[in-house]
Participant: 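After the structure tokens below, expect a handful of questions from me.
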Amino acid sequence: MNKGSNSASSALRSNLQRRDMLKLMGAGAAALSVGGLGANRAMADEASVAFWATATLDIGDKWQEFASQSGVSPEFTDNGNDVGPVVARLAAGNANDLFDVGGFQGGAERELAKQGLIAPWDLSKIPNFAGIWQWAKDIPTLTYEGKQYGIPTVVNADSIIYRPDKLGKVDSYGVIFDPKLKGRVAMEDAWINSAIFTAIYLKGAENKPIKDPGNLSESELGLVMEFLIKHKKDGQFRTFWNGWEQGVQLVANEEVDAMTGWEPIVYEGRKRGLQVEYAAPVEGYEGWGNNTVLLKGAAGRGKADVAHKFVDGLLAGLYGCELGKARGYLVPTDNNLAYAKAHPDEYKADDVAKLADHVKAKFSGKVYWQNCRPDNFQLYEEWWQKLRNA
């Protein structure tokens with residue numbers, strides 16, 4: 001698809017760009033090597049589970065080791081990561097006939113539950129759920145009407161990339177809107193990230209009446225978007241970047257001194273010899289997650305128990321160690337470190353611990369959760385188009 005198309009949702013483009021980023025880093029090759037349902041049919045059919053998820057949740061050949069340890073053989077299929085088509089395929093397509101477990105960008109669970117497209121988990125059948133860190137259990141979109149519909153599988157938090165040699169220490173989103181840096185800052189061309197960053201800033205630094213930056217009311221959204229449009233018209237932004245490659249180039253070519261964006265851009269910048277840091281903003285981070293859901297069709301096919309066993313396996317340690325090693329992604333449980341210590345030939349316990357501490361430190365302060373399906377989803381799309389046209 002044309003990632004620059006105005007008709008594409010900003011949520012779709014942002015999430016696909018994350019996947020492109022991982023491919024370019026060499027981390028996504030395994031994730032994209034298993035292309036369709038049945039790719040792992042060599043595994044035992046009697047304990048198989050069809051896992052329809054974001055490509056970056058795939059661990060490639062390591063699924064065989066996972067199957068050996070958990071007793072469940074996953075059949076992985078990339079779902080494209082865009083919530084709109086996922087919901088459509090579940091509601092009107094054949095996805096619920098083909099797949100058992102979904103791995104979706106956080107925020108869709110309540111809508112899926114309302115439509116009866118997913119089923120609640122029975123936590124008594126997921127012993128490792130108890131070991132998930134409490135703040136990950138508390139992600140608000142995981143439950144609906146008192147039932148657990150999402151299991152937090154991968155978590156992280158985003159903020160600001162900046163050049164300390166140019167700016168010193170940065171600890172506020174205010175740097176993005178500072179008139180002194182006119183033309184030297186950038187944001188992503190995606191409301192799923194940029195609208196929430198702006199809302200976090202306006203709430204925390206300017207005391208604007210914003211309740212939840214991740215789920216803006218009509219008036220709150222108008223406030224946020226008018227603020228962004230004004231700054232765009234004033235020439236504040238070098239660009240609204242689109243895609244991993246452009247994001248990295250803005251930093252590598254020293255076109256900007258600060259920009260909101262993904263932490264891996266910092267690591268890539270450092271690889272290229274640049275002084276680049278990732279800010280810990282006083283206003284708070286944007287938290288995000290990929291969560292696992294039980295598709296309603298699984299129960300009808302007699303797959304509910306094996307689906308629970310599979311999800312329990314995701315939290316057992318191997319999966320978390322492998323995702324951390326391959327992508328820097330974190331499964332929020334201490335089982336990762338325990339597994340690394342028990343398998344020192346495969347994983348470095350120090351690296352696993354450092355990743356956990358790094359992400360925990362982010363969530364020890366204020367975090368506002370990204371929501372890929374806010375209540376005013378269509379209004380977000382309309383406002384973002386107005387920004388592009390401004």
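The first residue in the sequence is number 1, and the count goes up from there. The figures that follow rest on heavy atoms only: side chains count, while hydrogens, waters and symmetry mates do not.
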Participant: Answer yes if the ring centres of Tyr319 and Trp63 are under 6.0 angstrom apart, and no otherwise.
Facilitator: yes
Participant: Please find the pair of heavy atoms, one from Pro152 and one from Leu315, that lie closest to each other, and give the distance.
Facilitator: O-CD2, 4.3 Å
Participant: Could you walk me through whether Val359 and Asn156 pass the side-chain contact (heavy atoms from CB on, under 4.5 Å) test, one step at a time?
Facilitator: CA-CA 6 Å; Val359 176; Asn156 207 342; 4.0 Å; yes
Participant: Quick one: list whatever passes side-chain contact (heavy atoms from CB on, under 4.5 Å) with Glu277, sequence neighbours left out.
Facilitator: Tyr162, Pro164, Arg270
Participant: Mind checking whether Lys303 and Ser48 have side chains closer than 4.5 Å, heavy atoms only?
Facilitator: yes
Participant: Not counting sequence neighbours, list each pair that qualifies as a ring pair (Phe, Tyr, Trp, His ring centres under 6.0 Å) and has a residue in residues 289-312.
Facilitator: Phe51-Phe310, Phe66-Phe310, Trp121-His308
Participant: Which residues pass the side-chain contact (heavy atoms from CB on, under 4.5 Å) test with Asn215, sequence neighbours left out?
Facilitator: Asp212, Asn371, Pro374, Asp375
Participant: Provide the full list of salt bridge (charged side-chain N to carboxylate O under 4.0 Å, His left out) pairs with a residue in residues 341-352, sequence neighbours left out, each pair given once.
Facilitator: Lys62-Glu346
Participant: Would you call Arg163 and Glu254 a salt bridge, using N to O less than 4.0 angstrom?
Facilitator: yes
Participant: Taking only Lys NZ, Arg NE, NH1 and NH2, and the carboxylate oxygens of Asp or Glu, determine whether Asp305 and Lys125 approach each other closer than 4.0 Å.
Facilitator: yes
Participant: Check salt bridge (charged side-chain N to carboxylate O under 4.0 Å, His left out) between Lys182 and all other residues, then give those that pass, not counting sequence neighbours.
Facilitator: none
Participant: Determine which pairs satisfy salt bridge (charged side-chain N to carboxylate O under 4.0 Å, His left out) with at least one residue from residues 357-373, sequence neighbours left out, and list them in order.
Facilitator: Glu111-Arg373, Glu263-Lys362, Asp334-Lys360
Participant: Apply side-chain contact (heavy atoms from CB on, under 4.5 Å) to Asn253 and list each qualifying residue two or more places apart in sequence or on a separate chain.
Facilitator: Gln249, Glu255
Participant: Sequence neighbours left out, cut at 3.5 Å: what donor-acceptor pairs do the side chains of residues 93-100 make with other protein atoms?
Facilitator:
from	atom 1	to	atom 2	distance (Å)
Asn94	OD1	Arg89	NH2	3.2
Asn96	OD1	Lys296	N	3.1
Asn96	OD1	Gly297	N	2.8
Asn96	ND2	Leu117	O	3.1
Asp100	OD1	Arg301	NE	3.4
Asp100	OD1	Arg301	NH2	2.7
Asp100	OD2	Ala50	N	2.8

Participant: Go through the steps for Phe197 and Glu188 under the test side-chain contact (heavy atoms from CB on, under 4.5 Å), then give the verdict.
Facilitator: CA-CA 10 Å; Phe197 282 135; Glu188 187 184 356; over 6 Å; no
Participant: Going by atom types only, do Trp52 and Asp78 share a side-chain donor-acceptor pair under 3.5 Å?
Facilitator: no
Participant: Would you say the side chains of Gln370 and Tyr285 form a donor-acceptor pair under 3.5 Å?
Facilitator: no
Participant: Taking side-chain hydrogen bond (donor to acceptor under 3.5 Å, both in side chains) as the definition, give me every residue that meets it alongside Ser364, ordered by chain and number, with sequence neighbours left out.
Facilitator: none
Participant: Hey, are Glu226 and Lys230 close enough for a salt bridge, meaning a charged N less than 4.0 Å from a carboxylate O?
Facilitator: no
Participant: So Val256 and Arg184, do their side chains get closer than 4.5 Å, heavy atoms only?
Facilitator: no
Participant: Tell me, do Phe104 and Thr54 make a side-chain contact under 4.5 Å, heavy atoms counted?
Facilitator: no
Participant: Are Asn376 and Glu218 close enough that a side-chain donor and a side-chain acceptor fall under 3.5 Å?
Facilitator: no
Participant: Tabulate below the donor-acceptor pairs under 3.5 Å that side-chain atoms of residues 137-151 make, not counting sequence neighbours, or state none.
Facilitator:
from	atom 1	to	atom 2	distance (Å)
Lys137	NZ	Ala130	O	3.2
Asp138	OD1	Gln134	NE2	2.9
Gln148	NE2	Gly150	O	2.8

Participant: Side-chain contact test, heavy atoms from C-beta onward, threshold under 4.5 Å: evaluate it for Leu314 versus Thr292 and give yes or no.
Facilitator: yes
Participant: Hydrogens and angles aside, do Glu283 and Ser172 bring a side-chain donor and acceptor to less than 3.5 Å of each other?
Facilitator: yes
Participant: Flag the pair Lys180 and Asp178 as a salt bridge only when some basic side-chain nitrogen lies within less than 4.0 angstrom of an acidic carboxylate oxygen.
Facilitator: no
Participant: Between Phe177 and Tyr201, how do the two ring planes meet: parallel, tilted or perpendicular, split at 30° and 60°?
Facilitator: tilted
Participant: Hey, could you give me the CD1/CD1 distance between Ile126 and Ile132, rounded to the nearest 0.5 Å?
Facilitator: 8.0 Å
Participant: Taking atom CG of Leu112 and atom CG of Leu295, what is their separation to the nearest 0.5 Å?
Facilitator: 8.5 Å
Participant: Which pairs with one or both residues in residues 353-372 pass ring pair (Phe, Tyr, Trp, His ring centres under 6.0 Å), sequence neighbours excluded?
Facilitator: Trp135-Phe363, Phe363-Trp369
Participant: Rounded to the nearest 0.5 Å, what separation is found between the CD atom of Gln69 and the CD atom of Gln64?
Facilitator: 12.5 Å
Participant: Going by the rule side-chain contact (heavy atoms from CB on, under 4.5 Å), which residues pair with Lys386 if we only count those two or more places apart in sequence or in a different chain?
Facilitator: Ile229, Trp383
Participant: Side chains of Arg238 and Val185: does their closest heavy-atom pair fall under 4.5 Å?
Facilitator: no
